[in-house]
Number of protein chains: 2
Amino acid sequence: MDGAELTGKKVLITGASGFTGRHAVAYFRTAGAVVAAVVRRVGVHSFDNGVAVHVCDLNDKQQVRHLIDEVQPDYVLHLAGKNSVPDSWSDPLLVLETNVMAVLYLLDALRSCPAARTVIVGSRLKYTPEPGRLPQPPHPYSLSKALEEMVSLSWMSLFGQQIMLAEPGNLIGAGPSTGICSLLARHVVACEQEGKTEAFRLSGRDNTRDFLDVRDAVRAYATLLVQGTTGNVYPVVSGTERSLGEIADTLLTMTEAEIPVRWDGASSGPDGAGDQEEFSALRKLGWQPLIPFAQSLQDILSDVRTQHGRATE
Amino acid sequence: MDGAELTGKKVLITGASGFTGRHAVAYFRTAGAVVAAVVRRVGVHSFDNGVAVHVCDLNDKQQVRHLIDEVQPDYVLHLAGKNSVPDSWSDPLLVLETNVMAVLYLLDALRSCPAARTVIVGSRLKYTPEPGRLPQPPHPYSLSKALEEMVSLSWMSLFGQQIMLAEPGNLIGAGPSTGICSLLARHVVACEQEGKTEAFRLSGRDNTRDFLDVRDAVRAYATLLVQGTTGNVYPVVSGTERSLGEIADTLLTMTEAEIPVRWDGASSGPDGAGDQEEFSALRKLGWQPLIPFAQSLQDILSDVRTQHGRATE
């Protein structure tokens with residue numbers, strides 16, 4: 001896919017002011033799409049002039065119906081949701097309402113746009129029930145993402161909708177991420193600009209994760225919107241496991257500051273996100289990651305330095 | 001169980017003015033329990049003086065929390081819900097909100113009563129996903145009951161609650177039922193009292209169903225509340241398949257009126273509800289159906305005659 005398929009298409013993006021949402025709005029706008037950026041409240045992020053911002057509480061089904069009637073999207077990228085595991089323990093109802101009912105309201109409203117193609121962004125942390133055994137999700141968040149998937153695929157089958165699931169691994173990039181790369185970059189910049197000397201604490205050096213640049217993930221979502229097979233669940237991963245040691249070492253080559261790192265967790269091995277077979281489904285559609293890992297880290301660091309400089313001006 | 005375990009216990013019953021709810025309130029009251037009957041609105045049914053009626057919209061989590069704080073139940077029997085398959089097509093969101101979110105609000109509020117034991121009344125029509133295959137529930141109702149079960153058992157495992165699932169088959173008895181026995185009885189009484197001569201239409205004579213008197217079902221729920229194993233899913237069935245022909249023949253022996261019956265559906269065989277192995281789980285707790293089938297039919301007919309007489313006075 002070269003992006004030309006998106007020119008003039010109406011793309012509705014929920015969670016538009018979030019970490020992935022900001023990158024998604026920028027990508028689709030650059031590709032010539034007519035972007036409807038859906039946010040819960042204004043002012044969290046300022047979008048380009050050309051982006052239509054829609055304020056909508058996705059837990060209010062009347063508002064959602066009105067939104068869809070107004071935008072009549074060709075493509076829908078559903079990024080909104082609660083994504084914090086700890087928060088899912090402190091307010092489990094909120095995570096269920098937001099991750100399950102909001103997607104239901106959205107998909108139900110989309111019954112009036114049968115040609116629309118929708119990508120629901122799930123999570124690799126979703127709970128997978130074992131047949132014949134009592135469901136035992138590790139946290140309310142994992143339950144919410146399991147139900148989100150079941151509800152989405154069921155609505156597809158019940159009402160003939162065009163829905164695909166995307167399951168990103170660890171997305172990294174500039175912006176409001178709470179991932180390990182962003183946290184480490186913020187620590188680096190605090191050492192550079194504030195003379196902070198505390199050690200950054202990480203678990204085992206050999207623990208590996210699959211990291212993917214958020215811009216590559218957004219291109220994957222675009223690929224799925226245009227070419228994905230409805231009803232499929234697509235892992236969105238780089239296919240490469242990297243150790244925490246490699247991340248720390250690479251980031252530390254990008255700064256003059258002395259950053260002590262304390263390794264005090266047990267090694268837990270790979271998280272399995274980089275499974276090659278899973279990786280291949282999106283590759284078959286012509287997608288592949290384009291941004292080198294070191295480039296992602298460099299961009300995160302530059303962004304944090306800029307933000308930090310602005311904040312202390 | 002002889003019912004003595006219920007004396008003085010606080011039993012909260014949702015959907016109390018529904019078909020099963022009315023029988024449940026009467027049973028627990030007679031057994032000496034302190035009954036809190038939860039209804040969505042007053043006036044649908046008049047309860048005994050000794051029954052505390054609580055008006056609560058179970059889709060309003062603040063109201064549900066307030067209800068539980070006020071009642072502090074020992075036992076909870078959750079009967080409320082949308083149970084019509086056709087209605088689930090005309091308003092699928094309502095059936096999901098009512099059958100999934102209401103149970104979540106209830107169970108979440110019950111975290112403040114860790115000793116409470118709860119029976120959630122599910123349905124044998126619930127959709128069972130096949131591992132590795134796209135979910136394809138036959139209707140939104142079946143999806144809602146699948147999610148209700150998953151949410152209930154997950155809350156149990158996440159928050160250490162004492163929850164059991166009951167899955168009734170075809171419950172029959174006096175009151176506002178839309179089951180085949182009640183419909184046929186109403187037709188009989190219309191022929192008796194209004195001289196109606198139309199045929200009653202039924203599918204194949206040999207089609208069988210498992211029928212259970214609603215009073216036997218209520219005793220089963222009481223047995224589960226007191227003795228059930230948390231996390232188990234209990235079918236609540238009679239264990240006996242009866243043909244539609246037998247039902248029609250038995251009812252017709254109970255009237256002087258001439259009732260033509262038209263058999264115009266294909267035979268579809270048993271619905272599998274009377275599976276002996278499933279039946280045995282409750283039997284091991286000492287429960288068994290006590291009301292003979294002909295007695296159930298006679299009681300339905302008497303009730304319809306009384307109601308009909310009152311309505312035309």
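Chain naming here is simple, since letters A, B, ... match the order of the sequence lines and numbering starts at 1 in each. From a predicted model like this one, the values you see are computed outputs, not experimental measurements.
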Proximal component of [X], with respect to chain B [non-hydrogen, under 4.5 Å]:
X: A/M150; value: both
X: A/L134; value: side chain
X: A/L153; value: both

message: Under a 4.5 Å cutoff for heavy-atom pairs, which residue among B/G231, B/P129, B/P92 has the most contacts with chain A?
response: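 Most heavy-atom pairs under 4.5 Å with chain A: B/P92.
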
Of all pairs that satisfy salt bridge (Lys or Arg N to Asp or Glu O under 4.0 Å), the ones with a partner from residues 221-235 of chain B, not counting sequence neighbours: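 Pairs touching residues 221-235 of chain B that pass the test: none.
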
Any pair counted as salt bridge (Lys or Arg N to Asp or Glu O under 4.0 Å), so long as it reaches residues 220-232 of chain B, sequence neighbours left out =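 Qualifying pairs, neighbours excluded: none.
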
Dump the table of donor-acceptor contacts under 3.5 Å between chain A and chain B, or return none if there are none.
{"residue": "A/K61", "atom": "NZ", "partner": "B/E97", "partner atom": "OE1", "Å": "3.0"}
{"residue": "A/K61", "atom": "NZ", "partner": "B/E97", "partner atom": "OE2", "Å": "3.1"}
{"residue": "A/E97", "atom": "OE1", "partner": "B/K61", "partner atom": "NZ", "Å": "3.0"}
{"residue": "A/E97", "atom": "OE2", "partner": "B/K61", "partner atom": "NZ", "Å": "3.1"}
{"residue": "A/E97", "atom": "OE2", "partner": "B/Y105", "partner atom": "OH", "Å": "2.3"}
{"residue": "A/Y105", "atom": "OH", "partner": "B/E97", "partner atom": "OE2", "Å": "2.4"}

Check each atom of B/P131 against the heavy atoms of chain A and say whether the ones under 4.5 Å are side chain, backbone, both or neither.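 Side chain only.
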
How many angstroms lie between CG in B/L104 and CG in A/L143, if you round to the nearest 0.5 Å?
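That separation rounds to 7.5 Å.
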
